[in-house]
Novice: 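Sharing a structure below in C-alpha cells format, with a few things to ask.
Quick note on labels: first sequence line is chain A, next is B, and so on, each numbered from 1. Quick note: numbers below take in every heavy atom, side chains included, and nothing from hydrogens, waters or symmetry partners. Source: prediction; values computed, not measured.
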Amino acid sequence: MTPLLHAQGLVKHFPFRDSLGRARGAVRAVDGVSLSVPQGRVLAIVGESGCGKSTLGRLLLRLIEPDAGQLRFNGEDVLALPPAALRARRREMQLIFQDPFASLDPRMTVEAAITEPLILHKLHRGRERTRVAELLERVGLRPELARRWPHEFSGGQRQRIAIARALASEPRLIIGDEPVSALDVSVQAQVVNLLGDLIRDLGLTFVLISHDLGVVRQIADEVAVMYLGQIVEQAPAEALFHHPRHPYTRALLAAVPGQGGTLKLLEGDVPSPVSPPPGCRFHTRCPFAEARCHSEVPLLSGQTHLAACHLQESLPSPTPIREGAADARLARLQAYFTEHTT
Amino acid sequence: MNALDVEGLCIDFHTERGTLRAVDRLSFSVAPGRTLAIVGESGCGKSATALAILGLLAENAETSGRISLAGQALTPQAQRAARGRELAMIFQEPMTSLNPAFTAGEQVAEALRLHEGLNPRDAMQRAIAMLERVRIPEAARRAKQYPHQLSGGMRQRVMIAIALACKPKLLIADEPTTALDVTVQAQILALLDELKRETGTAVVLITHDLGVVRDHADEVVVMYAGRVAERAPTAQLFNQPEHPYTIGLLGAAPRLDSRRARLASIEGTVPDLRNPPPGCRFAPRCPFALAACEALPALAELAPGHWVACHRAPLDAVIAA
Ligand SMILES: Nc1ncnc2c1ncn2[C@@H]1O[C@H](COP(=O)(O)OP(=O)(O)O)[C@@H](O)[C@H]1O
Ligand code: SF4
Ligand SMILES: [Mg+2]
C-alpha cells in the first residue's frame with residue numbers, strides 16, 4: 001500500500017552571510033531525511049533543540065522548499081504541484097504549533113477562527129455555525145464559548161481551539177510541532193488524551209514533533225530520532241524504547257529524569273550544524289566510538305528497525321528503562337481520575 | 001541547625017483587580033547538604049516563595065511569616081546583605097541573570113572579589129578554576145567569552161560557578177534546567193548534586209517535573225494554588241502518595257516503559273486566586289471530594305515527616321470501601 005506521506009532524501013540548508021554580504025556557510029538544518037507514514041499511523045520525530053525537527057515538519061508540508069529530495073502525499077508529487085493545486089492540497093494537511101497564539105488571530109472570535117477554513121474550502125455551506133459547535137464539542141469545549149476571544153482562554157483551551165480549527169478543514173494528515181510542550185502536566189495529559197482519541201476516531205495520520213519522550217511514548221506508533229539534521233534511528237515505538245540500537249537514542253532515554261540517576265551521562269554539547277563532525281555525526285559524544293566512526297559515515301540500515309551506527313551489532317545490551325514499578329494501589333486511586341471524567 | 005526555616009509564610013499581591021494570596025501558610029526547613037524540592041504547576045506559588053526567601057518580590061507584594069537562614073531571621077536588610085553570599089540563586093534563563101557586557105570569567109571573578117576580597121588577577125585565576133570545576137571545557141578560553149557566545153547549558157554552568165563562588169549556605173534553583181535539552185539537564189543536575197555534596201550547601205529546587213524530584217530531592221513539598229497539598233521525604237511521597245492532587249499529577253505523566261491506556265487527567269483548571277473556592281482549593285477538580293471538603297483541610301502528619309492536607313486521607317480507606 002502506498003504510504004500517505006513519503007519523503008526521500010530531503011535537504012534544507014540555511015545559508016548565512018557576514019556583514020559584507022559574503023556567503024559564510026550554511027546551517028545544515030535537514031541533511032538527507034527519508035521517511036514514510038502509512039495512512040492512520042502516528043510517526044514521532046524526536047531530538048534535541050536545533051536537530052532540525054521543526055524544519056523537517058515544515059518541509060513535509062512544503063511550507064518551505066527543500067534544496068533537494070522528493071515528497072509524495074497520497075502518491076502525488078507535492079513538489080511538482082503548481083501553487084493553486086498546492087493550496088487545494090493544503091486542506092488535507094494541517095499544522096498545530098506549540099504556541100496556539102501563533103495560529104489564533106487575537107482579533108477573531110473562536111467562531112470566526114474556526115469558520116474561516118470552512119469558508120475557504122467551501123465545507124458545510126449554510127450550516128457553518130452548527131459545524132463550529134460540533135467541532136468545539138469534539139475537542140471538549142462547550143459550544144457557547146464560540147463567541148469568546150482567544151485571550152479569554154487558558155493555554156490548554158487555546159490549544160483545543162487550535163486543534164478544532166485544524167480539524168475544520170477535514171485533513172488527512174496533521175503535523176503537530178511540540179503541540180503540548182508549553183502546557184502544565186495536568187493540562188498536557190488532557191490534550192494528549194484528546195489527540196489520542198481524535199487520531200483513533202477520525203483515522204488521522206499524525207506526525208508528532210517533540211523533544212518529550214514520555215509524550216512520544218503515549219501517542220506514537222513509530223519513532224524517528226534525529227541528530228544534527230539526520231535520522232539516526234527509526235523503529236516501532238515498542239522496539240525503540242525497549243531495544244534502542246543507536247548510542248544517541250540510548251543516551252536520550254537514559255537522560256529522562258525519574259529513573260534513579262545512576263546513568264552514564266553524555267559529555268559536552270551538540271556540535272554546530274554549520275560544520276557537523278565528519279564520519280558519524282555523533283562520534284564526538286559517543287562513548288563507544290572507534291577509529292572508523294571518525295571518518296566513515298554510517299548508513300541507516302535495517303528492516304523495520306533502522307539505525308545508523310557502525311557498531312550496532314556489537315554494542316552491549318541497552319540499560320532497561322527504570323520506571324517505578326506499576327503500583328496497584330496507585331493505579332486504583334488514579335482510576336478515579338479517568339473514570340470520573342469524560 | 002537548619003540552613004533554612006520557613007514558618008507560616010504568606011504572600012499577598014495587591015493588584016488593580018484586588019488582592020490575591022499567592023502563598024498561604026507555607027512552612028518547611030532544609031538541612032545543610034540536603035535538597036528540598038517544591039513541585040507544582042504554573043501559578044502555584046513556587047517562584048513567589050523563592051523570591052520571598054531572596055527578598056526580591058515585587059513592590060506590590062506583602063509577606064508575613066518567618067524566614068531564617070542558619071537560625072538568623074531574614075529581615076530585608078539581612079536579605080540584601082546575604083544575597084550573592086550566603087544566599088545564592090540560579091534561574092531558568094541564565095541569559096537574563098548574566099550581564100551581556102561582561103565575559104563569563106569577569107562575572108565569576110567579580111563574585112569572588114566581592115566575597116573574598118581578592119585582587120583582580122587572583123580573582124580571574126580562581127574564576128577559571130571555578131569554570132573548570134563546573135566542567136566547562138577549555139575554561140581559560142571560555143572565560144574570555146561573552147554570555148551570547150555560550151550554549152544554554154554552558155551559561156547555566158557559569159551561573160552555578162557564580163553562585164558557588166561565594167560558598168552559599170543556601171542555593172535556590174528555580175527551574176534551572178527547564179529551558180535545557182534532556183541530556184544537558186542530566187549533566188547540570190548531576191553537577192549540582194556533586195557540588196552540594198562537596199560544599200554542604202542546602203538546595204531548594206523548584207521544578208514542575210516529578211522525575212527531577214525523584215532523582216534529586218531528599219524531601220518534597222507539593223503545592224497547589226498557593227497551599228501545601230502534601231509534604232514528605234521523597235521515597236515516601238512516591239511509594240505512598242496521599243493527596244489526590246499528587247496522585248493526579250503522578251498519573252498525568254506518561255511512562256516510558258509502556259503506553260498507558262489513558263493518562264489521568266485532572267479536569268478543569270487551577271482556581272483564580274482572587275476568588276478561590278472555600279475550603280480545599282483542589283475540591284472543584286478532585287474526584288474524591290465530599291461535602292466536608294468545603295471546609296479547610298488541616299495539614300496533618302500521617303506518618304513521620306509525611307504531611308497531608310486532605311479530608312479523605314489516608315486514601316486506603318477509600319479504596320477499601
Ligand atoms: N529561517 C532560518 N534561517 C536560518 N537558520 C534557521 C532557520 N530556521 C531554522 N534555522 C536553524 O536550523 C537549525 C535547525 O532548526 P529547527 O528545525 O528549528 O530545529 P528544532 O526544531 O529541532 O529546534 C537550527 O540551528 C536553527 O537555528
Ligand atoms: S480535601 Fe476533599 S477535595 Fe480536597 S483533596 Fe481531599 S478529598 Fe479532594
Ligand atoms: Mg523546534
Novice: Quick check for you: among B:Thr269, B:Leu263, B:Val318, which has the greatest number of heavy-atom pairs under 4.5 Å with chain A?
Specialist: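 Maximum pair count with chain A is reached by B:Leu263.
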Novice: Under 3.5 Å, side chain of A:Asp184 to main-chain N/O of B:Ser42, donor-acceptor pair present?
Specialist: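 Yes.
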Novice: Please look at B:Gln240 and chain A and tell me whether the side chain, the backbone, both or neither of the residue comes under 4.5 angstrom of a heavy atom of that chain.
Specialist: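 Both the backbone and the side chain of B:Gln240 come within 4.5 Å of chain A.
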Novice: Does a side-chain heavy-atom distance below 4.5 Å link B:Arg259 with A:Asp221?
Specialist: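 Answer yes - side chains close enough.
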Novice: Taking B:Asp193, B:Leu180, B:Asp181 one by one, which has the highest count of heavy-atom pairs under 4.5 Å against chain A?
Specialist: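 Winner by heavy-atom pair count: B:Asp181.
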Novice: Against chain A, work out which of B:Arg260, B:His208, B:Arg135 has the most heavy-atom pairs shorter than 4.5 Å and name it.
Specialist: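 Looking at each of B:Arg260, B:His208, B:Arg135 in turn, B:Arg260 comes out on top.
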Novice: Side chains of B:Leu189 and A:Pro257, heavy atoms from C-beta outward: is any pair under 4.5 Å?
Specialist: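 Side chain of B:Leu189 against side chain of A:Pro257, heavy atoms only: no contact under 4.5 Å found.
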Novice: Only heavy atoms, only distances under 4.5 angstrom. Which residues in residues 223-242 of chain A are near chain B?
Specialist: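 Heavy-atom contacts from residues 223-242 of chain A to chain B are A:Phe241, A:His242.
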Novice: For chain B, which candidate among A:Leu253, A:Ile219, A:Val187 shows the most heavy-atom pairs at distances under 4.5 Å?
Specialist: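 Among the listed options, the one with the most contacts to chain B is A:Ile219.
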Novice: Taking atom CD of A:Gln259 and atom CG of B:Asp215, what is their separation to the nearest 0.5 Å?
Specialist: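 Separation between the atoms: 8.0 Å.
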Novice: Would you please go through residues 210-218 of chain A and name the residues with a non-hydrogen atom below 4.5 Å from one of chain B, in numerical order?
Specialist: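 Hits under 4.5 Å: A:Leu213, A:Gly214, A:Val215, A:Arg217, A:Gln218.
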Novice: Side chain, backbone, both or neither: which part of B:Pro137 has a non-hydrogen atom closer than 4.5 Å to chain A?
Specialist: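 It is neither, since no heavy atom gets under 4.5 Å.
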Novice: In sequence, state the C-alpha distance, the side-chain angles, and the governing distance for B:Glu41 and A:Gln188, and then conclude on side chain to side chain contact (heavy atoms under 4.5 Å, CB included).
Specialist: CA-CA 11 Å; B:Glu41 298 178 274; A:Gln188 174 174 303; over 6 Å; no
Novice: Could you state the interatomic distance from CZ (A:Phe337) to CZ (B:Arg285), rounded to the nearest 0.5 Å?
Specialist: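 Reported value, rounded in 0.5 Å steps: 9.0 Å.
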Novice: More than 12 heavy atoms of other residues, nucleotides or ligands under 6.0 Å from CZ of A:Arg24: yes or no?
Specialist: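 No.
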Novice: Could you measure the distance from the CG atom of B:Leu315 to the CG atom of A:Leu333? Nearest 0.5 Å is fine.
Specialist: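 These two atoms lie 5.5 Å from each other.
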Novice: Give a yes or no on whether A:Arg332 atom CZ has more than 12 heavy-atom contacts from other residues, nucleotides or ligands under 6.0 Å away.
Specialist: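 Open.
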Novice: Given side chains that start at C-beta, do those of B:Gln185 and A:Val256 come closer than 4.5 Å, heavy atoms only?
Specialist: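 Not touching, per the 4.5 Å side-chain cut-off.
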Novice: Any idea which of A:Ala220, A:Gly196, A:Gly140 has the most non-hydrogen atom pairs under 4.5 angstrom with chain B?
Specialist: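 Most heavy-atom pairs within the cutoff with chain B belong to A:Ala220.
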Novice: With a 4.5 Å heavy-atom cut-off, do B:Pro254 and A:Val192 have their side chains touching?
Specialist: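 A side-chain contact under 4.5 Å is absent here.
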Novice: Assess whether atom CD of B:Gln149 is packed by more than 12 heavy atoms of other residues, nucleotides or ligands within 6.0 Å.
Specialist: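 Result for CD/B:Gln149: enclosed.
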